[in-house]
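So that the names make sense, note that chain A is the first sequence line, chain B the second, and so on, each numbered from 1. Computed from a predicted model, the values in this text were never measured in an experiment.
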Amino acid sequence: MSRHFDEENPLVQVRLEKLQKLRSMGLDPFAVERYPITHPLEAIHEQFETLEGQTVCVAGRIFSIRQMGRATFAHLMDTTGKLQIYLKADELGERYSLIDLWDLGDYLGVKGFVFRTRTGEITVHVQEFTLLAKAVRPVPFPKEKGEQRWFELHDVEQRYRQRYLDLLVNPESRRRLLARCRIVSEIRRFLESEGFIEVETPVLQPMAGGAAARPFITYHNALQREFQLRIALELYLKRVLIGGIDKVFEIGRVFRNEGISTRHNPEFTMLELYQAYANLEDIMELVERLFRTVAERVFGTTVFEMHGVQVDFSQPWRRVRLMDAIHEYTGLTEADFETLERAAQAAEKLGIHIERKDTVGGIIEKVLEKCVAEHLQQPTFVYSFPIETSPLAKREPDNPRFTRRFEGYVFGKEVANAFSELNDPLEQRERFEQQLALRQAGDEEAHPYDEDFLHAMEYGMPPAGGLGIGIDRMVMLLTGTDSIREVIFFPQMREG
RNA sequence: GAGCCGGUAGCUCAGCGGUAGAGCAGUGGCCUUUUAAGCCAUUGGUCGUGGGUUCGAUUCCCACCCGGCUCACCA
């Protein structure tokens, strides 16, 4: 796929010649700035009863064209839909021949009256038209009839690299990506209606914390220092909480320096929220309400299906202790994880690869990932996570090896992560020290020791429940999509 | 990082040792309510890149690039 302007391409040449002709007639399409439309295209269909016989102005891209001598039919397309237009030579005079200078993909504005053709299609009978912009490169619009389409843009690489073409040409892609926009919008609306305030916190951070992941490094010239791109929103949102904003959230891009896969893009969108005076169970209920509300508002249903499994977000989610879930699906008991040695043995038996840096808690989470997650098809909260992998969560009072943390699973995939947040600055300091030890033992993703954050917490942080949701993965499950790239407008690609 | 599959015209694809094909799009012609419009004619390709084998390579071999899937790494 060449990135230069290939004027030698005959298809481009033809279009450039047409552009030249238009310009020589004083009809430069690129000189046009505005076209006063009276209706989006879909509105003509919706309001046909009242619009029949009325004059309207509409605009869109030429999606198809059928010239039949002295009469021409074409379809325009805009964000809302498509509309047929009809042009007659004996009414348009010399201007009729300008149609020869049109190509698929050109932007056209027309004025005319609304009618129904002999075959019943709602159409605008054009009296005046203006070419509003030209496509000098061929746009691969498909042929279509009803729901059937031919010669569609299929090449996955091209669909991702040139998403504008994918959006233009493939209705499924458009639907899926627009669904993403509406999901984000409805999440905001829901949280605001629950009294949460949206804030924006730094992307450039001295020390990226709040999650276990390697950061991207960048450099600030004037300050002559490195910064890290954030890997989570957590620590700054907690500072806001300490600042007295009791219900706070952020929807923002985070960056993790990892491999790319069907489920991982180096930059992705997180929702995090914190609610003072709320605990883990309150957050569970909030998650249930969030999914139910967004599902209803965006899709008009709470029932979703993926790979033949049906889930219903109008129902409460199952709640299960992590160790109980492990017992249920592997037969292992807590005793099997008493010591690092036993835990490693148990995991190896399940075919899980253990590394030197793994802790008992790390191994437990691996077992969850490899052997349990796939069974959690119905919406499930798995709670009570090991303390080693949860340095920012409160300890369980009667079980100090575990924390007040849950992960939400749907269709076997993790979609939410939440805790009763640790707000004891003395314990937080100890937890950071433990993480430091892990880091020194070779765990690059151990949580960094953030003195500034500790300082903030020492002024007093309220008891609070916190939640993180990967928006991209939430969109995947609500749209039944297997690849994260399909729900990101411009997924990361190697240089092409 | 490993394995498998793929990259041929603007788009969708076929071809697979003898100097490249179809449909649609494009171009020219006929056609004043068509709709995958139709009919006739026609243009268009360094067959991902670079090496090698061969009289000859899109086709066989090697390396590389890009993509997809699976696994690994990774929330």
Rounded to the nearest 0.5 Å, how far apart are CD of A:Glu374 and NZ of A:Lys413?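 Spacing of CD (A:Glu374) from NZ (A:Lys413) equals 10.0 Å.
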Quick one: pull up CD1 in A:Ile488 and CD1 in A:Ile471 and give me the separation to the nearest 0.5 Å.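 The CD1 atom of A:Ile471 is 11.5 Å from CD1 of A:Ile488, to the nearest 0.5 Å.
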On the side chain of A:Glu258, is there an atom forming a donor-acceptor pair with the base of B:A75 - under 3.5 Å, no angle test?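 No pair found.
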Once hydrogens and angles are ignored, does a donor-acceptor distance under 3.5 Å link the base of B:A75 to the side chain of A:Glu407?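 In this structure, the two groups form a donor-acceptor pair.
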Is the ring of A:Trp150 stacked on the base of B:A36, with centres less than 5.5 Å apart and planes under 30° off?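 According to the criterion (under 5.5 Å, under 30°), yes, A:Trp150 stacks.
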Mind checking the P distance from B:G48 to B:G7? Whole angstroms is fine.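 My reading of the P atoms in B:G48 and B:G7 gives 8 Å.
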Counting only side-chain heavy atoms from C-beta out, which of [options] sits nearest to [X]?
X        : options             : answer
A:Arg15  : B:C69, B:C74, B:G26 : B:G26
A:Met493 : B:A36, B:A37, B:G68 : B:G68
A:Val14  : B:U32, B:A36, B:G26 : B:G26
A:Arg70  : B:C31, B:C74, B:G68 : B:C31

Just by protein heavy atoms under 4.0 Å, how would nucleotides 43-49 of chain B read 5' to 3' in B, S and -? -S-----
Taking the six-membered ring of A:Phe48 as reference, does the cationic atom of A:Arg116 (NZ for Lys, CZ for Arg) lie under 6.0 Å from its centre and within 45° of its axis?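 Ring-cation test returns yes.
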Is NZ or CZ of A:Arg256 both nearer than 6.0 Å to the six-membered ring centre of A:Phe268 and within 45° of the ring axis?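 That pair does not qualify as a cation-pi contact.
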Hey, is the side chain of A:Arg256 poking within less than 4.0 Å of OP1 or OP2 on B:A75, counting only N and O atoms?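 No.
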Between A:Lys143 and B:A37, is there a side-chain N or O to OP1/OP2 distance below 4.0 Å?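 Yes, A:Lys143 has a side-chain N/O under 4.0 Å of OP1/OP2 on B:A37.
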